[in-house]
Amino acid sequence: MTPYCFCSSRNTTTSITPEAFLLHNSHLYLSKHRSNESQFFKREAFLTLKPLLSLPKSSLSFLSLRNSRLTHLFAGISSFAEPGGEEEQKHHHGGPETKNGDELQGMAQAFNISSCTATAISICIAFAALSLPLFMKSLGQGLDLKTKLLSYTTLLFGFYMAWNIGANDVANAMGTSVGSGALSLRAAVLTAAVLEFSGALMMGTHVTSTMQKGILVANVFQGKDTLLFAGLLSSLAAAGTWLQVASYFGWPVSTTHCIVGSMVGFGLVYGGPGAVFWSSLARVTSSWVISPLVGAMVSFLVYKCIRRFVYSAPNPGQAAAAAAPIAVFAGVTGISFAAFPLSKIFSIALTQALACGAAGAFLFDRIIRKQLGHLLVESTSSQPEHQDTTLHNKKLGLLSDVAGPKGTQLEIIYGVFGYLQVLSACFMSFAHGGNDVSNAIGPLAAALSILHGGASGTEIVIPMDVLAWGGFGIVAGLMIWGYRVIATIGKKITELTPTRGFAAEFAAASVVLSASKLGLPISATHTLVGAVMGVGFARGLNNVRSETVREIVLSWAVTIPVGAIFAVFYTWILTKLLSCIL
C-alpha cells in the first residue's frame, strides 16, 4: 500500500525520511484507503516506508475537519487546486468526510467537536426554546392563564416548523459552497446562522395572509375559529414532521410545498372541495417539473460558458480574474433592483442598483488582486505555453469539451470562483431567511391572532418578536441538523468544485429571482437541485448519481400527500383536545 500525505508547502517537492516526517507530522498522515486506516496505522505506522514520501502541492487547510483540528475556518485558496487538473480535484478537495465517504454522522463529527460540547449546545438551544416564549409580548398581555398556555404552545409549534426549515432548507444557500470546499462546514453554518437570522428579522414580511399561499378559500372557515386554530397548528406540526423525516434522510424538499400540502389536507377534509383553490395547487405541483428543468438548463449553460471562455483563454487565470467583477456587477445589480429596491421610483431604483453593482465589482476586484496578485503575476510566465493553442480555441463551440487548466492557472481559477461562491452563498442565505421564515411564522401569527381575539380578516400583522422567534428557530435547526441536507446538495448528487458550485448557485439564484418577479411557480429547493444536476450533466451523464436523484424526486412527489395526511391526523387530535380545554 502506497501512502500519501499533505504538506503546507505549495511549491516544494522534497524527499525525507518517513520516520522523521511521521514523528513531527503524524496528524497529517493519511492512508489512501480511508476505511482501512486504523488497521494500517497499527501495522505500518512505525515501520520504514518505501518508496520515500513525495509531498504534493497542497495546503494544510486542504484537510477535512475530522482529520485535523488545525483546519482553517475558511478553506485556503490552494485547497481548491491540485496540479493534476480539475478532474483530479474531485478526489482531494476539502469538506467534512467520514470513513463511509461523504456521509456525515452526527453533529459532533460534522463540526469536529466533542460529543459533550454537542450535547451542551443542544441542551442550551432546548432550554432557550422552552424559556424565551415566557418573555415574549406575543404570549399575551393581561389574558387569562388558559389563553397564555395556548399561546405558549402555539409559539412552540412555530419554533418546531422553523427548526425544520433551518435543518432542511438552508442547504439551498450553503450546500454547494461546502461541497466544493469554498467554505468549511463550520464556517458555512456560522455564516448562515448570522445571515439567516438577520434576513428573517430585517426582511421578513410583516403582513401575511391567514390562508397561506392562496391555497384555501377564507370565507369557508368564517365563524369556525376553533377549527381554524386547530388547522393552523396542525399544518405547522404536519409540515415540520415531514421536513424532519426528509432532513433525517438528507432529502432536500420544499418547505413551501410542505405547508401547501398540510393546508390542502386540512381544507379538503374539514372544509370540502370548495375550500381549496385547485388552480393554485396546480401551479405549485407544476413547479416540480419547471424548477429543476430551468435550473438545470441555466447551470448547464453557465458552466459551459466558464469552460469555453475561461478555461480555453490564453491565460485562464487572468480571464477568471477579469470575468469575476463582471459577474459581481450583474449579480449585485440584479439583487439590489429586484429583491431589495431602494426606491419605488423605477429610474431612481435602477440608478441605485447600478451604483451598488459598480461598488461591489470594484471591491471584489480589489480583494482578488490583493489575495491572488502574486499568483496572477506568476501566471504571466506560463502564458506563452497557451499561445500555440489560441487559434484552436477560437474554433471551439459553446458545447465543445474543453480540457481544464492545471497548476497555477487552476489555482487562480478556483481561488476566484471560491470567493464568488462565498459571496453568492451569503446573498442567498440572507434572502432565504427573509423569505422562507414566513412559512413558519405566517400560520403562527394567524393562530396567535385568533387566540387573542383579533379580527378574522385576511391579513395578519406579524410582531417583531415573532419574526425574531422564527429566525432563532431556523438558526437552531441549522446548527443541530443542517449538515445532513448540506451533504446531499454539496456531495451526493455530483462532485463539486468552486467553478461547478458557482455555476449551480448563480444559476439557481438567477432563476428564482427572475421567476419571483414574473410570478412563475418556482421552488428554490427544486431549482438548486436541478442546477447541481445540470452542472453534472455538463460533464457527462455518468457524473450525476442517479440513485440520489431518484430518492430526491420521490421525496418531492410525496411531500404534498404526506403533508396532507399528517395535517388531517393532527387536526383530528387537536380538535379533540381543544374541545376538552375550551
Side-chain angles (χ1 to χ4, degrees), residues 6 8 58-81 89 92-98 102 104 106-114 117-118 121 125 166-167 169-199 364 367-368 370-372 411 414-433 471 474-491 496-502 504-506 509 528:
F6 296 102
S8 59
S58 183
S59 70
L60 283 176
S61 60
F62 201 53
L63 298 178
S64 66
L65 289 174
R66 191 179 73 89
N67 293 306
S68 173
R69 294 184 179 272
L70 299 179
T71 303
H72 296 174
L73 189 63
F74 288 85
I77 294 173
S78 58
S79 71
F80 297 137
Q89 170 67 16
H92 299 296
H93 64 75
E97 296 181 356
T98 70
D102 294 330
L104 297 175
M107 176 182 173
Q109 188 168 349
F111 297 111
N112 194 33
I113 58 178
S114 66
T117 303
I121 292 174
I125 290 175
D169 228 26
V170 177
N172 292 345
M174 292 296 173
T176 56
S177 297
V178 173
S180 69
L183 282 175
S184 68
L185 181 62
R186 184 183 300 179
V189 169
L190 292 176
T191 303
V194 174
L195 293 173
E196 290 279 342
F197 184 82
S198 301
F364 190 83
I367 293 173
I368 291 298
K370 181 178 180 181
Q371 298 293 330
L372 303 176
E411 192 170 352
Y414 280 0
V416 170
F417 282 96
Y419 283 117
L420 281 173
Q421 201 178 2
V422 171
L423 182 64
S424 61
C426 290
F427 274 122
M428 286 191 67
S429 184
F430 184 81
H432 175 268
I474 290 177
V475 171
L478 167 65
M479 293 184 65
I480 296 178
W481 260 23
Y483 64 87
R484 294 176 178 267
V485 181
I486 285 177
T488 299
I489 293 289
K491 287 178 170 287
L496 291 177
T497 60
T499 49
R500 301 170 198 163
F502 170 76
E505 215 163 64
F506 184 81
L528 182 65

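Across all their heavy atoms, Val485 and Ala167 have their closest contact at CG2-O, 3.8 Å. What you find for Glu505 and Ser177 is that their closest heavy atoms are OE2-OG, 3.7 Å. Between Tyr414 and Pro498 the shortest heavy-atom distance is O-CB, 3.7 Å. Minimum interatomic distance between Gly179 and Lys491 (heavy atoms only, all atoms of both residues): CA-CG, 4.2 Å. Across Ala192 and Val170, no two heavy atoms sit closer than the pair CB-CG1, 3.9 Å. Shortest non-hydrogen contact noted between Ile474 and Glu196 is CG2-OE1, 3.7 Å.
For the atom pair CG of Leu183 and OG1 of Thr191, the computed distance is 6.0 Å after rounding to the nearest 0.5 Å. Separating the CG atom in Asn112 from the CZ atom in Arg186 is a distance of 5.5 Å, to the nearest 0.5 Å. Expressed to the nearest 0.5 Å, how far OG of Ser180 lies from CZ of Arg500 amounts to 10.0 Å. Interatomic distance, Leu420 CG to Thr499 OG1, rounded to the nearest 0.5 Å: 11.0 Å. Interatomic distance, Asp169 CG to Leu478 CG, rounded to the nearest 0.5 Å: 11.0 Å. A distance of 12.5 Å separates CG of Leu372 from NZ of Lys370, quoted to the nearest 0.5 Å.
You'll find the side chain of Leu185 reaches within 4.5 Å of the side chain of Val189, heavy atoms only. Counting only heavy atoms from C-beta outward, the side chains of Ile113 and Ile121 approach each other to under 4.5 Å.
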